[in-house]
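Written out below as structure tokens is the structure these notes cover.
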Protein chains: 4
Amino acid sequence: MSQSDTKKRLINSAVKLFSKNGYFNTKVSDIVKDAGVAQGTFYLYFKSKEEIFIYIVEEIVRKIKQQTEKFSKGDWPADEKLKNFASSVFHLLSEYKEVAKIYFFYLLCTDEKFQKIHFEAEQMFKSFYLDVLKSYEDKELLTDILLGFGKRLFEINFLRDQKPIEEVIKEFEEGLKLILRKEK
Amino acid sequence: MSQSDTKKRLINSAVKLFSKNGYFNTKVSDIVKDAGVAQGTFYLYFKSKEEIFIYIVEEIVRKIKQQTEKFSKGDWPADEKLKNFASSVFHLLSEYKEVAKIYFFYLLCTDEKFQKIHFEAEQMFKSFYLDVLKSYEDKELLTDILLGFGKRLFEINFLRDQKPIEEVIKEFEEGLKLILRKEK
Amino acid sequence: MSQSDTKKRLINSAVKLFSKNGYFNTKVSDIVKDAGVAQGTFYLYFKSKEEIFIYIVEEIVRKIKQQTEKFSKGDWPADEKLKNFASSVFHLLSEYKEVAKIYFFYLLCTDEKFQKIHFEAEQMFKSFYLDVLKSYEDKELLTDILLGFGKRLFEINFLRDQKPIEEVIKEFEEGLKLILRKEK
Amino acid sequence: MSQSDTKKRLINSAVKLFSKNGYFNTKVSDIVKDAGVAQGTFYLYFKSKEEIFIYIVEEIVRKIKQQTEKFSKGDWPADEKLKNFASSVFHLLSEYKEVAKIYFFYLLCTDEKFQKIHFEAEQMFKSFYLDVLKSYEDKELLTDILLGFGKRLFEINFLRDQKPIEEVIKEFEEGLKLILRKEK
DNA sequence: AATGAATGAGGTTTCATTCAT
DNA sequence: GATGAATGAAACCTCATTCAT
């Protein structure tokens, strides 16, 4: 169950470096140096550089999925649900900022193989929104607006501004109000 | 007067391959093979692989900038301006899809040097929106919502769905109406 | 403690090949082939071809310097000092013939960066001679004559004739007698 | 008889660049750029980069040879002959400094093929000295001393100090007096 | 004679991966 | 489990030379 300490250190270093420099600018030698282990040790835990990357991506996907499942249940009004979901996801992204960066941006710039993981996982988000907004006439449109808005907040805040997360959430809530206002 | 034929062929091949496989998965040898020239010929026109990449990115930035300048003038109502701007930019993106893809996604996944180009150019978009929406109380919020929405439409349509461009524009217009509705 | 065996083998091969074929006619691939290691192994020990060259040159400079220091002390008459110094340096050159060749000739034919190393180190020789000959009226002239003579003996013997080293030393001693004769 | 202007320009540029940067650090593209002609033009006059190098070297060898021939005739005393010869050669070297540098230093650092040219031509010098000094008991020794001294003066003055040539000649004369003094 | 774009063999260097210890 | 030196395929880039104009 619990990963060996060495494996954890390799993952942490990989996340940090992938997220800072990208997949291709990160060398296995950088990862092991950062983790403080020998070059060969890496291959005791991961078959290849690609494998550790996939491993990391799947971890974040799994975590986000848990959040959507948690919030799709329950019987609150749509805006409450979305507010809580967003708040929860932003906290998650904030905690796993580096990994999230990999998921949201790096996957789009690699080749089609990696992009598939992104697109598949993204369906999850979309289904959740469509479900929550099922009583809205423009639910497709609203979903695209909200997902785009959320991703933009992530992009500007986590990639650049580094505002406190509570502000990001507040801005999302305001946008949410504005976007959903007067909609049934 | 105009770029030599060879240079154009190199650029076309590079755009195609960078967009399809990413910067790091594209080898100079791939580009020259696709362009049908010898390896050394590449270096007559570009000092390095990085240089041709930057060249391409700056081309798209320049083109988008021209659009913002064109539409920031004039005295139409905000929603008209945004509609026309968006329509024009979507057409541009459609025409330079591959280059735009590089600009919008690829730059975010490389190192800080490339990211800077993206962020600087992005200011341009933001300024345009803020200016057009200057009479709106929530102009900051609206800008983030609209930019996020627009980017999302680009992402899902040009990266995946490949819907006809008129539909994309129509969806943007509907979103625009919904977002700006009743706002003064 | 001591350099790894691989590093030593790379240095030996590099010295041999640089001396025989010159810096530019020696490829890293030649060096590794001669040393019996893989191409990449070279770069574990030296950052570039230039680096191993500099390394080798500095090694010979250091060794010659040790000799000048050893012989500048002591209180023998000038001709004794010079005789012993020359004998010692010729033995050294004989032992490190290939490296010395690089130092004495190769540095002069590359660009200014490498020439500087030669000229700086050459000051060492000159200072030694001037110091030993300090009681001679024509010490500047004598220094130039002796240095030129010594270098010539090295050039003709080590570059071409390959006479036994004792003969070279004997010829230097005779020249020394002739040059210094009757000088105070 | 008279070389075409283009050929002369190529030679001048080649001499300048070979002598400044060495044979291997000088590209054909540098030479043609300096000469102000097109890349292909070079090959109208020289079959290869090696050919122009050899051409240049043979030119200086031919010129020095002319001097030795001129001064070996006549019936002056040895020291007069040497003084005049040296003066003449130093003037020649001064005029063709760059070419001389190639001959005296660069040839020694290329491969054996080029070195042969140097050694063969050098015989010429030696024969001249031996002939002039034929009445001296130590003529072999004196020849080596004088040739070494002369080359050293060239090295320090033409490669570095750039003293006026008359001073160099004067220093050589003083050395000559010192070296030959009291010798019959 | 002159041009200069194009060539491609061959060089330097990188780095994911292996393996003997 | 851990090490880290060694590997070598494959990348980037250079530059002497050619050739159609």
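When reading the values below, keep in mind they use all heavy atoms of this one structure, side chains included, and skip hydrogens, waters and symmetry mates. Per chain, numbering begins at 1; letters A, B, ... match sequence-line order.
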Quick check: are there more than 12 heavy atoms from other residues, nucleotides or ligands sitting under 6.0 Å from NZ of B/Lys16?
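No, NZ of B/Lys16 has 12 or fewer neighbouring heavy atoms, counting only those of other groups under 6.0 Å.
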
Distance check needed: [N] [atom2] versus [X] [atom1], whole Å only.
| X | N | atom1 | atom2 | result |
| --- | --- | --- | --- | --- |
| D/Glu51 | F/dT17 | CD | C1' | 13 Å |
| B/Lys7 | E/dA6 | NZ | C1' | 16 Å |
| B/Leu10 | E/dA5 | CG | P | 13 Å |
| D/Arg9 | E/dA1 | CZ | P | 15 Å |
| C/Ile52 | E/dT12 | CD1 | C1' | 14 Å |
| B/Phe46 | E/dA6 | CZ | P | 12 Å |
| D/Lys33 | E/dT3 | NZ | P | 15 Å |
| B/Ile31 | F/dC13 | CD1 | P | 11 Å |

Cation-aromatic face contact B/Lys49/B/Phe42, 6.0 Å, 45 degrees:
no

Between B/Phe18 and B/Lys101, is there a cation-pi geometry (under 6.0 Å to ring centre, at most 45° from the normal)?
no

Nearest-nucleotide comparison on DNA chain E, the residue closer to the 5′ end among B/Gly36 and C/Lys47:
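Result: B/Gly36.
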
Looking at [options], which one has an atom nearest to any side-chain atom of [X]?
| X | options | value |
| --- | --- | --- |
| B/Tyr45 | E/dA6, E/dA16, E/dT12 | E/dA6 |
| C/Leu44 | F/dA6, E/dT7, F/dT17 | F/dA6 |
| C/Val28 | F/dA6, E/dT12, E/dA5 | E/dT12 |

Determine yes or no for a side-chain-to-main-chain donor-acceptor pair under 3.5 angstrom, with [X] supplying the side chain and [Y] the backbone.
| X | Y | result |
| --- | --- | --- |
| C/Lys47 | C/Leu44 | no |
| C/Asn12 | C/Arg9 | no |
| C/Tyr106 | C/Tyr23 | yes |

So which protein N/O to nucleotides 19-21 of chain E N/O distances come out below 3.5 Å?
none

Checking salt bridge (charged side-chain N to carboxylate O under 4.0 Å, His left out) for the pair D/Lys63/D/Glu95: CA distance, chi angles, key distance, verdict?
CA-CA 11 Å; D/Lys63 275 179 180 138; D/Glu95 190 180 353; over 6 Å; no

For D/Phe154 and D/Phe104, take the angle between the two ring planes, folded into 0 to 90°, and tell me which bin it lands in: parallel under 30, tilted 30 to 60, perpendicular over 60.
tilted

Earlier contact from the 5' end, DNA chain F, for A/Ala38 and C/Phe42:
A/Ala38

Test A/Leu159 against A/Phe105 for side-chain contact (heavy atoms from CB on, under 4.5 Å), laying out the working first.
CA-CA 10 Å; A/Leu159 237 53; A/Phe105 301 109; 4.0 Å; yes

Dot-bracket assigned to DNA chain E with the 3.5 Å Watson-Crick/G-U criterion, [ ] for crossing and | for other-strand pairs, is .||||||||||||||||||||

Just N and O in the side chain of A/Ser4: are any of them under 4.0 Å from OP1 or OP2 of F/dG1?
no

Where is the tightest heavy-atom contact between [X] and [Y], given as atom of each residue plus distance?
| X | Y | value |
| --- | --- | --- |
| B/Ile102 | B/Val15 | CD1-O, 4.4 Å |
| D/Ala100 | D/Leu93 | CB-CD2, 3.5 Å |
| A/His118 | A/Tyr103 | ND1-O, 3.1 Å |

Quick one: the side chain of D/Gln39 and the base of F/dT17, do they pair up donor-acceptor inside 3.5 Å?
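For D/Gln39, whose side chain was compared with the base of F/dT17, there is a donor-acceptor pair (under 3.5 Å).
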
Within residues 17-26 of chain C, residues whose heavy atoms come under 4.0 Å of DNA chain F:
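Listed by number, there are none.
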
